[in-house]
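Okay, so here's the structure we're looking at.
Given the structure is predicted, the values throughout are model-derived calculations rather than measurements.
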Amino acid sequence: MKIHEYQAKQILSEYNVPVQRGYVVSKKSDINETIQRVQNDFNSESVVVKAQIHAGGRGKGGGVKFCSNYNKAVEASQSILGMNLITPQTGKDGKIVNQIFITEAIDIDKELYFALMFDRSKNADVFIVSTEGGMDIEEVAEKFPEKIVKAWISGETKPLRDAINKIIESLELSSIKDAHTFFENIYQCYNQNDCSLLEINPLVITTEKKLIALDAKVDIDSNALFRQEKISSFHDKTEEDPLELQASEFGLNYIKLDGNVGCMVNGAGLAMATMDIIKHCGGEPANFLDVGGAANVDTIKNGFKIILSDPNVKSILINIFGGIVRCDRVANGVIQAIKELNLDVGVVVRLQGTNADLARKILDESDIKLESAETIEEAAKKAVAMVS
Amino acid sequence: MSILLKKETSILVQGITGSEGLFHTEQMIDYGSNILCGVTPGKGGQYATKNNLPVFNSIEDAMKKFKIDASIIFVPPRFAANAILEAIEEKISLIVCISEGIPVRDMKRVKIALDASSSILIGPNCPGLITAEESKMGITPGFICKKGPIGILSKSGTLTYEAIDQIVNIGYGISTAVGIGGDPIIGSSMIDILKHFENDPETEAVVLIGEIGGNMENEAAKWIKNNFSKPVVSFIAGQTAPKGKRMGHAGAIISEGSETAEAKIKTLKECGISVSKTVSEIGITMKKLLGEK
């Protein structure tokens with residue numbers, strides 16, 4: 001789960017990690033007062049107005065503005081709050097800015113890059129740092145690969161100390177007081193809050209030689225939300241695709257894509273493989289949809305509803321491997337769902353597994369307009385033919 | 001022969017009284033698995049399944065009565081890591097964890113304990129394993145398997161079933177099919193399982209099924225090139241998956257270039273491994289490969 005910058009900074013502050021401070025605003029009527037509070041509370045004439053959306057690259061899209069005085073801050077806040085922000089990561093439609101974070105301005109001496117995440121290939125957490133802060137890390141990796149330093153942590157005591165020493169050395173921070181504690185606190189914050197990513201870009205050295213997290217991007221392991229009550233409350237549903245959100249409320253795993261051949265499959269791997277074969281047969285998949293293990297009438301009906309909310313969909317391929325669920329039951333479920341929903345797009349059904357022959361007979365003999373197929377390839381060809 | 005699991009392997013079920021655990025224990029018994037007892041903390045003294053298997057509060061208690069070779073875990077995700085740790089502590093040689101949704105931080109703890117032990121862990125978030133016509137530990141539908149010389153190794157559940165089905169339909173059979181799961185941290189890697197297949201005289205060829213995310217397929221490909229003597233047919237799911245979107249499995253997300261299906265397919269081919277172009281051609285590709293020999 002992604003959270004906003006101001007929420008990430010809130011968590012970091014609880015671990016005594018110095019952050020660039022500010023207040024969040026969601027109503028235009030609160031803007032003037034909040035700017036004054038930031039100026040007074042943090043003794044900072046200049047302020048920074050930052051759009052709070054989950055996508056990165058906010059500055060490039062005009063979602064982050066440095067303002068040298070109150071009037072400029074009001075103007076920037078008025079224009080950013082409510083704007084449709086398009087960044088390299090939002091897609092072409094952009095995202096509406098529902099909240100802005102108004103912060104103190106910091107006198108920066110140097111900008112660094114810092115990230116902490118889990119490295120699957122090494123089965124260990126890893127610090128990733130660079131002296132080239134402030135820019136996109138992928139850009140740094142491309143332009144200055146030698147300037148990215150990684151330090152792996154495979155244990156909590158000595159390995160953590162060693163890793164921190166390594167990044168302090170490579171970031172040339174040995175003269176900064178409390179640098180070690182700074183990174184140790186970040187690690188505790190990352191670990192205890194079940195973060196899957198904690199990125200600070202830029203991490204700055206101020207003119208007073210202090211380390212401050214100017215920005216913060218934190219992702220949380222969704223599987224651990226049951227024990228992260230406070231972070232769970234940070235969930236911002238407006239950031240999610242409404243269809244994907246609705247699907248997850250149905251217990252379905254759906255991701256919208258750009259094609260016109262819809263698909264409904266049990267199992268994530270088989271669902272991806274079905275998308276791939278649609279493409280291989282000359283079509284474009286409209287979605288990823290995993291209906292999970294129990295393919296009953298309700299899940300199939302909900303699956304149809306979700307797929308058909310996308311107006312591009314011209315045909316639907318159902319691919320179910322019936323293991324524990326019997327195929328004849330799935331076939332009856334498909335027929336019932338199509339009848340109840342009055343479907344008017346072409347449907348191809350491929351069922352394999354327990355009672356697959358009986359299922360095909362049920363499908364072929366029904367008075368519903370659908371086609372059955374024996375192999376996935378045959379099903380994909382039929383579904384693609386329906387749209388061309 | 002086969003790998004890891006045999007007809008006589010004695011099995012304990014952790015989480016036997018839950019609805020999933022109960023249902024699949026009966027399915028496993030029907031398949032012929034040698035299941036002796038179960039564990040559910042707080043329910044010791046009860047009996048479960050139609051065979052009235054004894055339920056114990058802990059593995060330690062169960063092992064006072066039975067000799068246990070293997071444990072299968074159907075425990076809710078928030079308790080599953082501790083269940084695995086208990087099995088490791090009791091020195092169970094083969095542990096299979098079906099539970100889906102275990103936090104990564106919990107699996108880090110498990111991995112450290114596992115590496116310091118001699119236990120083998122399959123999963124979590126996997127369909128488990130099945131040795132055709134002998135025994136199954138997991139949720140793979142047994143009826144699709146016939147005994148034969150092909151080993152199956154996969155990150156995905158239903159793709160494992162699909163591969164088994166195609167291999168059986170072209171006239172071969174299965175030695176053992178192992179679903180290792182698609183989470184960021186899993187107990188056994190592809191290479192770990194390939195080593196077992198290499199040493200199993202009954203397995204003559206292997207189907208290797210991967211997907212987007214992580215680098216395990218690339219590492220396996222390089223390992224196969226230098227160490228594996230048997231023919232391999234591979235398939236990688238997710239060629240049409242967009243970057244940065246998680247496709248179901250917690251680990252199925254592309255964050256680096258080497259994690260795309262395209263990159264993995266390229267590496268596999270460079271290592272001389274047959275790649276099935278589509279999911280429909282896994283069986284045929286194997287037939288062609290074995291026919292050539």
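Heavy atoms of N253(A) lying under 4.5 Å from chain B belong exclusively to its side chain. I255(A) touches chain B through its side chain: at least one heavy atom from C-beta onward sits under 4.5 Å away, while N, CA, C and O do not. With a threshold of 4.5 angstrom between heavy atoms, D119(A) does not approach chain B through any atom at all. In this structure, chain A has no heavy atom under 4.5 Å from any part of I209(B). Heavy atoms closer than 4.5 Å to chain A are found in both the backbone and the side chain of S280(B). In this structure, the portion of E281(B) lying under 4.5 Å from any heavy atom of chain A is its side chain and not its backbone. Both the backbone and the side chain of Y161(B) come within contact range of chain A, judged by heavy atoms closer than 4.5 Å. Looking at Y190(A), the atoms closer than 4.5 Å to chain B (heavy atoms on both sides) all sit in the side chain, from C-beta outward. Looking at D183(B), only its backbone comes within 4.5 Å of chain A, counting heavy atoms on both sides. For I278(A), no part sits under 4.5 Å from any heavy atom of chain B, backbone or side chain. Both the backbone and the side chain of P184(B) come within less than 4.5 Å of a heavy atom of chain A. Proximity to chain B (any heavy atom under 4.5 Å) is shown, for E377(A), by both the backbone and the side chain.
Shown here are the salt bridge (Lys or Arg N to Asp or Glu O under 4.0 Å) partners of E229(A), two or more places apart in sequence or in another chain: there are none. Contacts of D106(B) classified as salt bridge (Lys or Arg N to Asp or Glu O under 4.0 Å), with partners at least two apart in sequence or in another chain: R227(A).
Of the possible donor and acceptor atoms, none in the side chain of K111(B) sits under 3.5 Å from a partner among the backbone N and O of I185(B). Within the 3.5 Å criterion, the main-chain N or O of E374(A) finds a donor-acceptor partner in the side chain of R350(A). Within the 3.5 Å criterion, the main-chain N or O of S189(B) finds a donor-acceptor partner in the side chain of D192(B). A distance-only check finds a donor-acceptor pair linking the side chain of D221(A) to the backbone of V104(B) [under 3.5 Å]. Judged purely by atom type and a 3.5 angstrom limit, S276(B) has no side-chain atom pairing as donor or acceptor with the backbone of V279(B).
Of all residues in residues 235-242 of chain B, those placing a non-hydrogen atom less than 4.5 angstrom from a non-hydrogen atom of chain A are F235(B), I236(B), A237(B), G238(B), Q239(B), T240(B), A241(B), P242(B).
Comparing A380(A), A271(A), A268(A) by how many heavy-atom pairs each has under 4.5 Å with chain B, the most go to A268(A). Listed options N123(A), D276(A), L270(A) were ranked by heavy-atom pairs under 4.5 angstrom with chain B; first place goes to D276(A). Considering only heavy-atom pairs separated by less than 4.5 Å from chain A, the leading option among G157(B), A261(B), G213(B) is G213(B).
Looking only at atom types and distance, the side chain of N215(B) has no donor-acceptor partner in the side chain of S121(A) under 3.5 Å away. Under 3.5 Å, the side chains of Y15(A) and Q192(A) contain a donor-acceptor pair of N or O atoms.
For residues 208-220 of chain B, every residue pair satisfying the salt bridge (charged side-chain N to carboxylate O under 4.0 Å, His left out) rule, not counting sequence neighbours, is listed here: K155(B)-E217(B), E217(B)-K264(B).
Under a 4.0 Å N-O distance rule, the pair K143(A)/E139(A) qualifies as a salt bridge.
Listed here is the closest heavy atom pair of N287(A) and L257(A): C-CD1, 3.8 Å.
K2(A) NZ: 12 or fewer foreign heavy atoms inside a 6.0 Å radius.
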